[in-house]
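In what follows, a structure is listed as structure tokens, so that the remarks can point back to it.
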Number of protein chains: 2
Amino acid sequence: MKEIEKTLENKNVRPTAMRILIYKYMAEKKITFALTDIENAFIKADRTTLYRTLKTFEENGIVHQIDDGTGTTKYALCELGCNCEIEQDLHLHFHCSNCNETVCLTEHKIPHINLPDGYIAEDANLVLKGICEKCSGQ
Amino acid sequence: MKEIEKTLENKNVRPTAMRILIYKYMAEKKITFALTDIENAFIKADRTTLYRTLKTFEENGIVHQIDDGTGTTKYALCELGCNCEIEQDLHLHFHCSNCNETVCLTEHKIPHINLPDGYIAEDANLVLKGICEKCSGQ
DNA sequence: AGAACCAATGCAACGGAAGTGCATTTATTG
DNA sequence: CAATAAATGCACTTCCGTTGCATTGGTTCT
Ligand SMILES: [Mn+2]
Ligand SMILES: [Mn+2]
Ligand SMILES: [Zn+2]
Ligand SMILES: [Zn+2]
């Protein structure tokens, strides 16, 4: 409780009741989630509020967006010490085609790629798709 | 003309007038394109027809879809000898944040990634974002 | 405490893009 | 030519992200 408030304040985000709830939801969840997921978890909350809360969280380095190729944006809590407001943390993401869940593989960074002359890379997105550990039964 | 017809027939796609036009458009274009692009290029054609034509083309290995993270699906003609109906051609794509164009870097394959135990990769998508050669002025 | 102010929330509506059902036209086959 | 199948066009739907604006709630200043 108090801890979450501190965390938010440290990131310059006012710890409102709503925001604390949302943060809690995210912290308990191990995998990534979509706006709709969180919307279903909190019947009370308005979609827009959740949307803007996540946006605020993102702008202040609390969560990061994930584009896993499903067409719906996913979010995940940033790791401790992740400073993705300043520079991107280019870890890869895995999307399971069986359970449809997307996970951050924060240990696995996107390898450096040599581009043709003239191309300047500033950002990268690598998504692997297949069967996750839970679904592969191992 | 006749050549395009042959190409389509070889891929088991009936060479209708519309399809030949669309193929021609794609062949002239060097970069990838969205459904809307092609829609604007052919005032006459209905969006659904274009949509389904591209779908047919994709199912028969004439074009491949590209998810460049912009939210709108891009398409590009497959290379000669590309057999992406059978197995994915996992080359990377580059999206320029200046001119907003996406290009296939067919020479650059997505490197193999070691995943944690239990994860089975079947597909991959790697998109680099930044400044393209045209826009970097080199 | 009360007034003034700003941030957060909620409701409604918009817009882009993908996708589907069905009628109509066009091509293919017997 | 008739019968059949494929391709095209129109209308409509759904999904998701996004914005405008009114309302609520909390903070600060007098
Ligand atoms: Mn992540
Ligand atoms: Mn490509
Ligand atoms: Zn799974
Ligand atoms: Zn460019």
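In what follows, every chain begins at residue 1, and chains take the letters A, B, ... in the order their sequences are listed.
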Side-chain cluster (under 4.5 Å, hydrophobic types only) that B:Ile120 belongs to, other residues: A:Ile131
Not counting sequence neighbours, list each pair that qualifies as a ring pair (Phe, Tyr, Trp, His ring centres under 6.0 Å) and has a residue in residues 3-54 of chain B. B:Tyr25-B:Phe33, B:Tyr25-B:Phe42
Please report the distance, rounded to the nearest Å, between [atom1] in [X] and [atom2] in [N].
X       : N      : atom1 : atom2 : answer
B:Glu9  : C:dA27 : CD    : C1'   : 13 Å
B:Leu54 : C:dA17 : CG    : P     : 15 Å
A:Leu8  : C:dA7  : CG    : P     : 17 Å
A:Asn60 : C:dA7  : CG    : C1'   : 14 Å
B:Glu59 : C:dG19 : CD    : P     : 11 Å

Identify, with sequence neighbours excluded, every residue that meets ring-ring contact (aromatic ring centres under 6.0 Å, His included) alongside B:His64. B:His91, B:His93
So, B:Lys134 and B:Glu101, do they make that salt bridge, N to O below 4.0 Å? yes
Under 3.5 Å, sequence neighbours excluded: what are the donor-acceptor pairs made by side chains of residues 103-113 of chain A?
| unit_1 | atom_1 | unit_2 | atom_2 | d |
| --- | --- | --- | --- | --- |
| A:His108 | NE2 | B:Asn114 | O | 3.1 |
| A:Lys109 | NZ | A:Asp89 | OD1 | 3.0 |
| A:Lys109 | NZ | A:Thr106 | O | 2.9 |

Scan residues 48-60 of chain B for pairs that pass salt bridge (Lys or Arg N to Asp or Glu O under 4.0 Å), counting only residues two or more places apart or in two chains. none
If the sugar-phosphate is the primed atoms plus P, OP1 and OP2 and the base is the rest, what is the B/S/- string for nucleotides 6-25 of chain D, using protein heavy atoms under 4.0 Å? SSBBBB----SBSBBB----
